[in-house]
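Reading through the C-alpha cells given below for one structure.
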Amino acid sequence: MKVTDHLKAAKDTLFSFEILPPLKGKSIQSIFDGIDPLMEFNPKFVNVTYHREEYIYKERENGLLEKIAIRKRPGTVGICAAIMNKYDVDAVPHLICGGFSKEETENALIDLQFLGIDNVLALRGDSIKTESSFRPHKDGHEFAVDLIGQIGEMNSGNYLMDDIKLEPTDFCIGAAGYPEKHFEAMNLSTDLQYLKAKVDAGAEYIVTQMFFDNAKYFAFVEACREIGITVPIIPGLKPIKTLKHISFLPKFFHIDYPEELSKELLKCKTNAEVAEVGVEWGIHQSKELKEAGAPCIHYYTMSNSASVKSIAKEIF
Ligand code: FAD
C-alpha cells in the first residue's frame, strides 16, 4: 500500500521509522532485532536508507596506493523485501541519484516493482565521503527533482530509449524537505522553490530532515503552504543518544539545538544521561506535533530502537 494511502486512511498521527542497512557481513537478523521492539506501535511503513560507495586506499606491494570503491552498507532492496515478507508492513527504499546512471535507476525501479514495492523516497544523496561536493554520475541525475521526473515518466509508461509506451509503474514518490534549509541552498526561499519543483514533478509527500525545535517545523509547513505546496509534510525526529551525538548531529545534518535542549545536554556526563535527555525531548516534541495534527511522525533510529521505543510508548 502506498504511503499516501496510509496517510489518507489515518484517523490519528501515524508512527513510522527509518533504519540503516547493517554493515556488510552482518545478517538480516540484526535488522529484525531493531524492528521487533517497534512493531507493537503499528508502523505503517519502514524506510530503509541507501548508502553509496566510499573510496578507501590500499597499499600495494610496490608501495603505491590503490583507490578502491566499496559499499559498506549494501542491501537496501533486499532488506525492504525481507521486511515486507516478515512483518507484512510497507517498506520504503531510498533511491538516490549519486552513483546511478538513468538506466541503472530504471532497472532498480523495475526490480522494486517486481518485488511488489510501490513506495520510493527519491533523493539526490550525499556526496562521497572523500569528495567535498556532490558529483552526479555522468549519465545520471544532478538533483532529486530529475530522479522524481524519471520515476514520474515510468509511472506514465515512458521508459528510457523506447518510443512506444510500456506498462506504467505505479510508484508513490516521497521527497526530502529541510525545515532549517538544505546546507547548500542559498537561502530558505530558494530551497523551498526547489522543494516545490519536486512536488510539481510528482513527489506526493515530504519527509523532513531531523529537527529539534518544533517551531522550525511549524514555520516550514506554513512557508510551504504559502507557496502552494499542499502535500503532507511528515516531521522527522531523532532521539539524541550519546555524548558524541551532541556535536555530531549539528555538524553532519546542519541543524541547531534550541537553547533549552542545549542547556540540558551540557549538564550530561555520560551516554546514559544524554539518552535520557534525548528521550524526554523526543516525547516533548512528539506530543506537541501530535497535538498539532502531524500526519505521521517519522523516527530516525540510526540503529537505535531503544530510545524510539521509549518515546513511542508515551505517544502511540
Ligand atoms: P535536492 O532536492 O536535489 O537538493 C539538493 C540541493 O540542491 C539543495 O540545496 C537544493 O536547494 C538544491 N537544488 C535542488 N534542485 C535544484 C535545481 N534544479 N537547481 C539548483 N539547485 C537545486 N542520503 C543518502 O545518501 N541516502 C539516504 O538514504 C538518505 N536518506 C535521507 C532521508 C531524508 C528524509 C532526508 C531529509 C535526507 C536523506 N539523505 C540521504 C540525505 C540527502 O541525500 C542529502 O541531504 C542531499 O544532500 C540532498 O538530497 P535532496 O534529495 O534533498 O536533494
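We count ligands from 1, going down the list as the structure has it; atoms in each ligand are counted the same way.
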Inset, instruction - Would you kindly say whether D33 and Q29 are connected by a side-chain donor-acceptor distance under 3.5 Å? - result: yes
Legend entry - Salt-bridge criterion met for D170 and K2 (N-O under 4.0 Å): yes
Inset, instruction - Please check if the distance between the ring centroids of F32 and Y87 is under 6.0 Å. - result: yes
Legend entry - salt bridge (Lys or Arg N to Asp or Glu O under 4.0 Å) involving K244 - partner list, sequence neighbours excluded: none
List of N/O pairs, ligand 1 versus protein, all under 3.5 Å?
unit_1, atom_1, unit_2, atom_2, d
ligand 1, 2 (O), K198, NZ, 2.7
ligand 1, 3 (O), A144, N, 2.9
ligand 1, 9 (O), H182, ND1, 2.7
ligand 1, 9 (O), A185, N, 3.4
ligand 1, 11 (O), D191, OD1, 2.6
ligand 1, 19 (N), Y194, OH, 3.4
ligand 1, 25 (O), D126, N, 3.1
ligand 1, 26 (N), Y50, O, 2.8
ligand 1, 28 (O), Y50, N, 2.9
ligand 1, 28 (O), H94, ND1, 2.8
ligand 1, 30 (N), H94, ND1, 3.0
ligand 1, 43 (O), G125, N, 3.0
ligand 1, 45 (O), Y178, OH, 2.7
ligand 1, 47 (O), R124, NH2, 2.9
ligand 1, 47 (O), H182, NE2, 2.8
ligand 1, 49 (O), Y178, OH, 3.4
ligand 1, 51 (O), R124, N, 2.9
ligand 1, 52 (O), Y178, OH, 2.8
ligand 1, 52 (O), K198, NZ, 3.4

Between side-chain atoms of residues 118-125 and protein atoms elsewhere (two or more places apart, or another chain), which donor-acceptor pairs fall under 3.5 Å?
unit_1, atom_1, unit_2, atom_2, d
N119, OD1, V3, N, 2.9
N119, ND2, M1, O, 3.0
R124, NH1, E184, OE1, 2.8
R124, NH1, E184, OE2, 3.4
R124, NH2, E184, OE2, 2.8

Legend entry - Pair listing, side-chain hydrogen bond (donor to acceptor under 3.5 Å, both in side chains) test, anchored in residues 17-26, at least two apart: none
